[in-house]
Amino acid sequence: MQAATSLQDSLGEHPQKLSDNIAVWSEMKDLMVKYNCLSLGEGAPNLMPPQFLIDDMTAAMQAGHNQYTRTFGVPALVNKIAAVYGPKLGREINAMKEVLVTQGANGALCAFINAFCNKGEQVVSFEPMFPLYLDHAEFCGGSMLGVPLNLVDGIWKFDPEQLRAALSKPTSKVFVFNTPHNPTGKVFTVEEMQQISDILDDCPHVLVLSDEVYDFATFDGRTHTSFATVGNNWDRTISIFSGGKLFNATGWKIGWTIGPEKLIHHGCIIANTVFYCFNTPGQVAVATSLDRHEKPGYNEAGNSFVEDTRALFESNRDFLKQSLTEMAMPWTPVLVEGGYFLMADITACVDLIPEKYKTTHEYEPEDGRAPIAKYRLNMPDGRIPLDLAFCRWMAIEKGVTMMPNSFFYHKSSPTMNDQYVRLAICKDRQSTEAAAARLRTALD
């Protein structure tokens, strides 16, 4: 046997994960920096956390909460989560056995997908989907099985029989459910959740991860319903929440999960291995602040912090929707019911996109600077996705970044759709208006 000539030669093509392509948001971030773009791409608010949380963080550090802590969550935080979310879930929560604090909601996905999905097995989710669902499925040696959401008369809908076929497979082990949904902005109705629950009754081998990180951001008077409260879903569901999303502090990386002890236990084993513990002062601060985010009196109008945030995002949605409709660019905004994002149909823009963006991944102008790393995705027919070409054009020549919908599918998905782009509505109003102003001149 011939010896490997280098470390790289001795490694397999990919270290466990099945794809080493960079994420498109990495490309868009690099474009933003290199070409001085305004960002409507990444789902990270450019807003400050509430002052009470900042004060609580400072107090926690000054009080000495700066070292390792309980692996599964600071006791004060798990107790506060149980107290705040028990009424939301309609049950008494055992803080020490039914709550796991994770390194962000992504840490929860990592812990539970790795705990329940093994090599050769599948994770099921509606597509388009948050791409890290796929990454974690691949990381544990599994694969993604997508069930399409289709836009029908302006509403994102799924085919129950397609979902049943996917979940009924013996190798399907985890169903990741997301409401409000990223990227579409769909808020699933209780009737739809009951329909899904009825299907799961016939699939007792499937764990549900209910990604509810945008639970506070529902629009037009809609309210959030946790999947675990519908039917008998509690017994098969891990509910995932995000303190980072809730408090406009995504860099703090504090999330939490709630579910039956027998399920939480398995996630704890992986969490103990992967991140052990994290951000002790941040956990203490969130514990102090968590029951204050819904208290009236945060702003001069008397609203709570979360009402203030929701109102801003809803107003941004309405502003961007109106702005896109009035622009010369022939794109069409899609109904958004909740979350951080607005989708727009760019089908009519295909002939406006310069050919270089549609025909090659090497689209940057030669200006003496090093080219950025590219997200190299092609559609099943070999062409560059329309939405990716559009986003690159907007960044390079119009100075605004956004995200292509095709990124939100697994790469061999037969239903991959490249007709939409995703724009963030979770920014401050000044940034949102500035980006819209640039887009208004896109066809000048």
Side-chain angles (χ1 to χ4, degrees), residues 16 65 67-86 88-89 91-119 121 123 125 130 132-133 135-142 173-178 204-213 215 226-229 232-246 252-287 290:
Q16 184 69 26
H65 297 287
Q67 309 305 327
Y68 298 141
T69 187
R70 177 176 177 266
T71 299
F72 311 124
V74 169
L77 180 53
V78 295
N79 281 308
K80 185 61 68 69
I81 290 168
V84 170
Y85 284 83
K88 296 176 186 287
L89 295 172
R91 62 191 308 115
E92 185 174 341
I93 304 297
N94 185 319
M96 291 297 170
K97 295 181 178 180
E98 295 180 331
V99 178
L100 169 64
V101 178
T102 57
Q103 194 172 35
N106 184 47
L109 295 170
C110 172
F112 286 96
I113 291 177
N114 276 275
F116 285 89
C117 182
N118 297 309
K119 186 175 182 179
E121 296 176 336
V123 175
S125 187
F130 180 49
L132 284 171
Y133 302 162
D135 291 343
H136 290 300
E138 291 183 341
F139 188 76
C140 68
K173 298 300 182 182
V174 178
F175 173 50
V176 186
F177 177 69
N178 176 214
H205 58 291
V206 176
L207 168 78
V208 178
L209 297 182
S210 188
D211 180 351
E212 302 179 19
V213 300
D215 62 328
S226 286
F227 188 74
T229 65
N232 61 348
N233 285 332
W234 167 262
D235 293 330
R236 55 178 162 238
T237 301
I238 298 293
S239 301
I240 301 174
F241 303 95
S242 169
K245 293 286 197 298
L246 181 63
W252 289 30
K253 298 303 293 179
I254 298 174
W256 49 86
T257 63
I258 305 171
E261 177 186 0
K262 63 182 180 180
L263 302 180
I264 287 286
H265 171 75
H266 296 287
C268 288
I269 294 171
I270 303 298
N272 182 66
T273 303
V274 175
F275 42 80
Y276 178 56
C277 70
F278 55 92
N279 197 352
T280 301
Q283 289 191 52
V284 173
V286 172
L290 187 57

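Because the structure is predicted, anything quoted here is derived from the model rather than measured.
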* Atom pair CG/OG of Asp211 and Ser239 - distance to nearest 0.5 Å -> 10.0 Å
Indicate every side-chain donor-acceptor pair of residues 98-112 with a distance under 3.5 Å to a residue at least two apart or in another chain.
from   : atom 1 : to     : atom 2 : distance (Å)
Glu98  : OE1    : Asn94  : N      : 2.9
Thr102 : OG1    : Gly104 : O      : 2.8
Asn106 : OD1    : His136 : NE2    : 2.7

* To do: Look at the rings of Phe241 and Tyr85 and say which category their plane angle falls in: under 30° parallel, 30 to 60° tilted, over 60° perpendicular.
  => tilted
* Asked: Considering only heavy atoms from C-beta outward, does the side chain of Val174 approach that of Val206 to under 4.5 Å?
  -> no
* Over all heavy atoms of both residues, which pair between Ile270 and Ala115 is shortest? Give the atoms and the distance, please. => CG1-CB, 3.8 Å
* To do: Report yes if some heavy atom in the side chain of Cys268 is under 4.5 Å from a heavy atom in the side chain of Thr71; otherwise report no.
  => no
* Side-chain touch Leu209/Phe175, heavy atoms, less than 4.5 angstrom -> no
* Structure fact -> When rounded to the nearest 0.5 Å, the distance separating CG of Leu263 from CD1 of Ile238 is 4.5 Å
* Can you tell me if Ser226 uses its side chain to pair, donor with acceptor, with the backbone of Thr229 under 3.5 Å? -> no
* To do: Evaluate the ring planes of Phe116 and His266, with Trp represented by its six-membered ring, and classify them as parallel (under 30°), tilted (30 to 60°) or perpendicular (over 60°).
  => perpendicular
* Asked: Looking at SG of Cys277 and OH of Tyr68, how far apart are the two atoms once the value is rounded to the nearest 0.5 Å?
  -> 7.0 Å
* To do: Check whether any side-chain N or O of Gln283 sits under 3.5 Å from a backbone N or O of Leu77 as a donor-acceptor pair, and report yes or no.
  => no
* Below 4.5 Å, heavy atoms only, C-beta onward: do Arg70 and Val78 meet side chain to side chain? -> yes
* Least distance between heavy atoms, Ile93 atom then Gly86 atom -> CG1-CA, 3.7 Å
* Structure fact -> When rounded to the nearest 0.5 Å, the distance separating CD1 of Ile254 from CG of Leu246 is 11.5 Å
* To do: Could you walk me through whether Phe278 and Lys253 pass the side chain to side chain contact (heavy atoms under 4.5 Å, CB included) test, one step at a time?
  => CA-CA 9 Å; Phe278 55 92; Lys253 298 303 293 179; 5.7 Å; no
* How far does CD1 of Ile240 sit from CG of Asp215, to the nearest 0.5 angstrom? -> 12.0 Å
* **For Phe227 against Ser210, the heavy-atom pair lying closest together** => CB-OG, 3.4 Å
* Just by modelled atom types, is the Ala287 backbone N or O under 3.5 Å from a matching donor or acceptor in the Lys80 side chain? -> yes
* Asked: Looking at residues at least two apart in the chain, or sitting in another chain, which of them share a side chain to side chain contact (heavy atoms under 4.5 Å, CB included) with His65?
  -> Ala60, Ala63, Thr280, Val284
* To do: Identify the heavy atoms of Asn79 and Met96 that sit nearest to each other, and give their distance.
  => ND2-CE, 4.2 Å
* To do: To the nearest 0.5 Å, tell me how far Lys262 NZ sits from Arg236 CZ.
  => 10.5 Å
* **Nearest atoms (heavy-atom pairs only) where Val208 meets Phe177** => CG1-CB, 4.5 Å
* Asked: Given the rule in the side chain to side chain contact (heavy atoms under 4.5 Å, CB included) test, do Tyr133 and Asn178 qualify, once you have shown the distances and angles that lead to the verdict?
  -> CA-CA 11 Å; Tyr133 302 162; Asn178 176 214; 3.5 Å; yes
